[in-house]
Amino acid sequence: MYEGDVLAGNWRRPGKGKIPQVPAERDLVVEDAESGFCGAVVACDKEAVTLEDRFGKRRLFPLAPAAFLLEGRVVTLVRPRPAPRGPRRSASGSIAVEGLRARVAKESRIYVEGVHDAALVEKIWGHDLRVEGVVVEYLEGVDDLPAIVEEFAPEPGRRLGVLVDHLVPGSKESRIAAQVTSPDVLVVGHPYVDIWQAVKPSALGIRAWPEVPRGVPWKEGVIAALGWRMEPVDAWRRILGAVSTYADLEPELLGRVEELIDFVTEKP
């Protein structure tokens, strides 16, 4: 199997520089020279390496000099160098700003429909918004959006971004949004009936969001269909608790929020 006797001579005390050092990277297959146990590296610390054979059996071996065979050659396993650490990322995927200090909020604002929308935006984009000094407020619906925009009095340097639920052609929300024409206001939306649906079902361990019959309150219908015995406020806590990063949200929401942040932070 091997050329000559790999254990012949004083193999434990080889000449300097003759035995290569090999990082014990995960899945590297080696053989313990003394016992003949062969397996893949599954763990390694500063003193020992754990090998797992093809039957799933694991054994721990010290990182002794010239103690292993790699493709028939004697090697010394060493602990791998830690991978270089990249910049820390925020929940939205942006590069986190370390040591962020509170700053005076900009006059520009982002409005969302309700408290659930605001909580979700804060959880994923809160760091980014604090970096930019942008405040998120909620409207409790969009029925009075044109009057709210007029009261806000948008102008260059004082922009308003609005996130609307169920902004699809022909909907009540789309007709209301069409009444807002100021160039310093951007109204965008997602297609979901409620912000709950913007959370991917996989994040909650469900196959899909249930269809709720017309005439049934949407949140209560969802809770009943999923078999959750709880009030909507508790269901929302469960949903929000399942979200940790942007990857847990649907692209239709991600793109719209990023668009709003860019709009209200753009220099006039």
Side-chain angles (χ1 to χ4, degrees), residues 90-94 102-200 209 212 217-219 222 232-233 236 239-240 243 245-268:
S90 71
S92 70
S94 64
R103 58 182 299 181
V104 176
K106 287 184 170 67
E107 290 190 73
S108 297
R109 292 286 188 272
I110 291 177
Y111 284 175
V112 297
E113 282 206 48
V115 65
H116 292 182
D117 308 67
L120 188 59
V121 169
E122 163 61 27
K123 187 162 189 179
I124 301 303
W125 289 276
H127 176 83
D128 308 62
L129 293 167
R130 282 186 286 277
V131 169
E132 299 292 347
V134 175
V135 173
V136 174
E137 301 179 9
Y138 64 91
L139 305 171
E140 297 184 351
V142 294
D143 290 352
D144 298 323
L145 182 59
I148 291 170
V149 170
E150 184 178 358
E151 182 181 357
F152 182 81
E155 60 183 13
R158 180 181 166 81
R159 287 182 154 188
L160 179 61
V162 184
L163 179 69
V164 178
D165 296 342
H166 198 228
L167 191 63
V168 295
S171 67
K172 176 191 75 173
E173 291 82 0
S174 66
R175 291 191 294 272
I176 294 172
Q179 299 175 40
V180 178
T181 58
S182 169
D184 297 306
V185 179
L186 176 64
V187 181
V188 299
H190 55 76
Y192 307 112
V193 174
D194 192 274
I195 196 69
W196 290 17
Q197 280 186 305
V199 177
K200 289 182 178 178
W209 284 101
V212 178
W218 191 84
K219 289 184 173 71
V222 165
V233 64
W236 172 243
I239 295 166
L240 188 62
V243 175
T245 73
Y246 70 95
D248 296 320
L249 302 181
E250 298 288 0
E252 289 83 353
L253 175 67
L254 295 174
R256 303 295 74 75
V257 176
E258 296 286 351
E259 190 176 353
L260 289 177
I261 294 174
D262 289 343
F263 179 78
V264 298
T265 57
E266 182 179 330
K267 293 182 180 180

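Only heavy atoms go into these numbers, but all of them, side chains included; no hydrogens, no water, no symmetry mates. Here the structure is a predicted model, which means the values were calculated and not measured.
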Expected output: side-chain [X] to main-chain [Y] donor-acceptor under 3.5 Å:
| X | Y | value |
| --- | --- | --- |
| Arg109 | Val134 | no |
| Trp209 | Val199 | yes |
| Asp117 | Gly114 | yes |
| Ser174 | Pro169 | no |
| Gln197 | Val193 | yes |
| Thr265 | Ile261 | yes |
| Ser171 | His166 | yes |

Considering only heavy atoms from C-beta outward, does the side chain of [X] approach that of [Y] to under 4.5 Å?
| X | Y | answer |
| --- | --- | --- |
| Leu139 | Val112 | no |
| Val136 | Leu163 | no |
| Asp165 | Glu173 | no |
| Ile195 | Leu253 | yes |
| Val164 | Val188 | no |

Please name the pair of heavy atoms, one in [X] and one in [Y], separated by the smallest distance, quoted to 0.1 Å.
| X | Y | value |
| --- | --- | --- |
| Ala119 | Trp236 | CB-NE1, 4.2 Å |
| Pro146 | Ile176 | CD-CG2, 3.9 Å |
| Ile110 | Leu129 | CD1-CD2, 4.1 Å |
| Val212 | Pro217 | CG1-O, 4.2 Å |
| Gly170 | Arg175 | O-NH1, 2.9 Å |
| Ala247 | Lys200 | O-NZ, 3.2 Å |

Would you check, one step at a time, whether the test side-chain contact (heavy atoms from CB on, under 4.5 Å) holds for Leu167 with Tyr192? CA-CA 8 Å; Leu167 191 63; Tyr192 307 112; over 6 Å; no
Between [X] and [Y] (salt bridge meaning N to carboxylate O under 4.0 Å), is one present in this structure?
| X | Y | result |
| --- | --- | --- |
| Asp194 | Lys219 | yes |
| Glu250 | Arg256 | no |
| Glu107 | Arg159 | no |

Go through it in stages, so that I can follow the logic: the residues are Glu259 and Leu186, the test is side-chain contact (heavy atoms from CB on, under 4.5 Å), and I'd like the CA-CA distance, side-chain angles, deciding distance and then a yes or no. CA-CA 9 Å; Glu259 190 176 353; Leu186 176 64; 4.0 Å; yes
Take atom CD of Glu150 as the centre, draw a 6.0 Å sphere, and report whether it contains more than 12 heavy atoms from other residues, nucleotides or ligands. no
Should we count OH of Tyr246 as having more than 12 external heavy atoms under 6.0 Å? no
Nearest-0.5 Å distance, [atom1] of residue [X] to [atom2] of residue [Y]:
| X | Y | atom1 | atom2 | answer |
| --- | --- | --- | --- | --- |
| Glu155 | Leu160 | CD | CG | 12.5 Å |
| Glu258 | Ser92 | CD | OG | 6.0 Å |
| Phe152 | Glu137 | CZ | CD | 8.0 Å |
| His190 | Leu254 | NE2 | CG | 11.5 Å |
| Ile124 | Thr245 | CD1 | OG1 | 6.0 Å |

Just checking, any donor-acceptor pair under 3.5 angstrom between side chains of Glu113 and Tyr138?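 Note: Glu113 and Tyr138 side chains miss the donor-acceptor criterion.
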